[in-house]
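See structure below.
Keep in mind that this is a model prediction, so the values were computed, not measured.
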Amino acid sequence: MEVGLLGPLVVEEQGMSVVPSAHKPRKVLALLALHADRIVTVPMLMEEVWGDSAPRSAATTLQTYILQVRRMIEAALHNDPDRQAKDVLVTHHGGYLLEVQPGWSDVMEFNRLVEAGRRAFELGDDRSASHLMGRALELWRGAALVDIQLGRLLELEVLGLEETRMSALELRIEADLRLGRHSELIGELRVLTARHPMQENLCMQLMLALYRSGNGSRALEVFHTLRKTLTEELGIEPSARVQRLQQAILCGDPGLDVTPESVKRLPV
């Protein structure tokens, strides 16, 4: 089975989609796919579909949704006499399990690549870190589960995925900065800071990329834009980390430069 959650929902068995068209069965399948190869309890599924407004018939209706998904799986398995839908969407005591292994899930692959990228970064292997994080980010086809009407549980799961995505992006950019790719990053960082104007890490990365490219005055403009946004929107000043970077740029601190002997991280 092939599962895609980092974008529109994709669940395919032998190349055939098994995603229902009705939105509630789609929710059920999305939650099962997100927790592939793990049991999802009936209360969890009911909370996702109905929240605090589950009807008295919820348990029976949920069984109907499971049956709809199984019928689609059964149709996809018509050329495989050794497997049945109940072997793929498995009933367990108190819940259900979507059997994906030995298939593929983009969320599982994303998490695997991000973890490998973090390990490489911590070991100082910036080329591997940049490459692995880049591969992880390329798995995204848009916002996670963009075509699903998210309930309470899926909304939290998607929020977590998006936070991990942003963390991976920031780490990939920092690895690229440590590799001296500052000029190549400026365009990308301009777009990112426009989309996330209060994200301090991205603003710091843009400041550093501009400074290392010989544009110290533009780096300071980024700081002042961030400060204006934060004071107007939240009534706060930039963090001490950002202010230290501004002072280092004003002083022309040589520690901000990339040298063959030592590559500096952002101020902490």
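The hydrophobic cluster containing Leu29 does not contain Val146, counting ILVMFWY residues as joined when their side-chain heavy atoms lie under 4.5 angstrom apart, directly or transitively. Both Leu202 and Leu234 are part of a single hydrophobic cluster, where members link through side-chain heavy atoms under 4.5 Å apart. A continuous path of Ile, Leu, Val, Met, Phe, Trp and Tyr side chains, each step under 4.5 Å between heavy atoms, connects Leu192 with Met166, placing both in one hydrophobic cluster. Hydrophobic clustering, with ILVMFWY side chains joined whenever heavy atoms are under 4.5 angstrom apart, keeps Leu159 apart from Ile148. At a threshold of 4.5 Å between side-chain heavy atoms, the hydrophobic network of Ile, Leu, Val, Met, Phe, Trp and Tyr places Leu89 and Trp104 in one connected group.
Dense packing is recorded around CZ of Arg70, with more than 12 heavy atoms of other residues, nucleotides or ligands lying under 6.0 Å away.
Taking the side chain as every heavy atom from C-beta outward, Leu139 and Leu113 approach each other to under 4.5 Å. Gln243 has its side chain within reach of Glu237: a pair of non-hydrogen atoms, C-beta onward, lies under 4.5 Å apart. In this structure, Arg26 and Val19 have side chains that are in contact, with non-hydrogen atoms separated by less than 4.5 Å. Within the 4.5 Å cutoff, no side-chain heavy atoms of Asn201 are placed close to those of Glu174. Residues Cys203 and Val242 are not in side-chain contact: their nearest non-hydrogen atoms beyond the backbone lie 4.5 Å or more apart. Proximity of Val191 to Glu188: side-chain heavy atoms (C-beta onward) are nowhere separated by under 4.5 Å. Between Lys27 and Tyr65, the closest side-chain pair of non-hydrogen atoms is not below 4.5 Å. The closest side-chain heavy-atom distance from Arg241 to Arg244 is below 4.5 Å.
The CG atom of Asn215 lies 11.0 Å from the CG atom of Leu220; values are rounded to the nearest 0.5 Å. Interatomic distance, Met108 CE to Leu5 CG, rounded to the nearest 0.5 Å: 9.5 Å. Between atom NE2 of residue His182 and atom CG of residue Asp257 there is a gap of 9.0 Å, rounded to the nearest 0.5 Å. Atoms OG1 and CD1, from Thr193 and Ile186 in turn, are 11.0 Å apart once rounded to the nearest 0.5 Å.
Arg165 forms no cation-pi arrangement with Phe110, by the criterion of a distance under 6.0 Å to the ring centre and an angle within 45° of the ring axis.
By the salt bridge (Lys or Arg N to Asp or Glu O under 4.0 Å) test, Arg181 pairs with Asp176, sequence neighbours left out. Listed by chain and number, the residues in a salt bridge (Lys or Arg N to Asp or Glu O under 4.0 Å) with Glu155 amount to none (sequence neighbours excluded). For the salt bridge (Lys or Arg N to Asp or Glu O under 4.0 Å) test, no residue two or more places apart in sequence or in another chain qualifies with Arg118. With sequence neighbours excluded, no residue satisfies ring-ring contact (aromatic ring centres under 6.0 Å, His included) with Tyr211. Checked against side-chain contact (heavy atoms from CB on, under 4.5 Å), Val10 has the following partners two or more places apart in sequence or in another chain: Glu12, Arg141.
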Could you pull out every donor-acceptor pair under 3.5 Å between side chains of residues 33-59 and any protein atom, sequence neighbours left out?
residue, atom, partner, partner atom, Å
His35, NE2, Glu157, OE2, 3.0
Asp37, OD1, Val100, N, 2.8
Asp37, OD1, Gln101, N, 3.3
Asp37, OD2, Gln101, N, 3.4
Arg38, NH2, Leu34, O, 3.4
Thr41, OG1, Met44, N, 3.2
Glu47, OE2, Arg152, NH1, 3.1
Glu48, OE1, Leu153, N, 3.0
Glu48, OE1, Leu154, N, 2.8
Glu48, OE2, Gly151, N, 2.5
Asp52, OD1, Arg152, NH1, 3.4
Asp52, OD1, Arg152, NH2, 3.4
Asp52, OD2, Arg152, NH2, 3.0

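Here Glu109 pairs with Arg112 in a salt bridge; the nearest charged N to carboxylate O distance falls below 4.0 Å. Under the 4.0 Å criterion applied to side-chain N and carboxylate O atoms, Glu99 and Arg83 are not assigned as salt-bridge partners.
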(request) Would you check, one step at a time, whether the test side-chain contact (heavy atoms from CB on, under 4.5 Å) holds for Arg172 with Leu169? (result) CA-CA 5 Å; Arg172 194 225 82 212; Leu169 177 61; 3.6 Å; yes
(message) Quick one, Leu179 with Arg127, criterion side-chain contact (heavy atoms from CB on, under 4.5 Å). Give me CA distance, side-chain angles, the key distance, then yes/no.
(response) CA-CA 7 Å; Leu179 289 167; Arg127 292 188 185 279; 3.6 Å; yes
(request) Please report the C-alpha distance between Leu132 and Arg119 in whole Å, then the side-chain angles of each, then the deciding distance to 0.1 Å, and finally whether the side-chain contact (heavy atoms from CB on, under 4.5 Å) criterion is met. (result) CA-CA 10 Å; Leu132 289 163; Arg119 287 197 301 269; over 6 Å; no
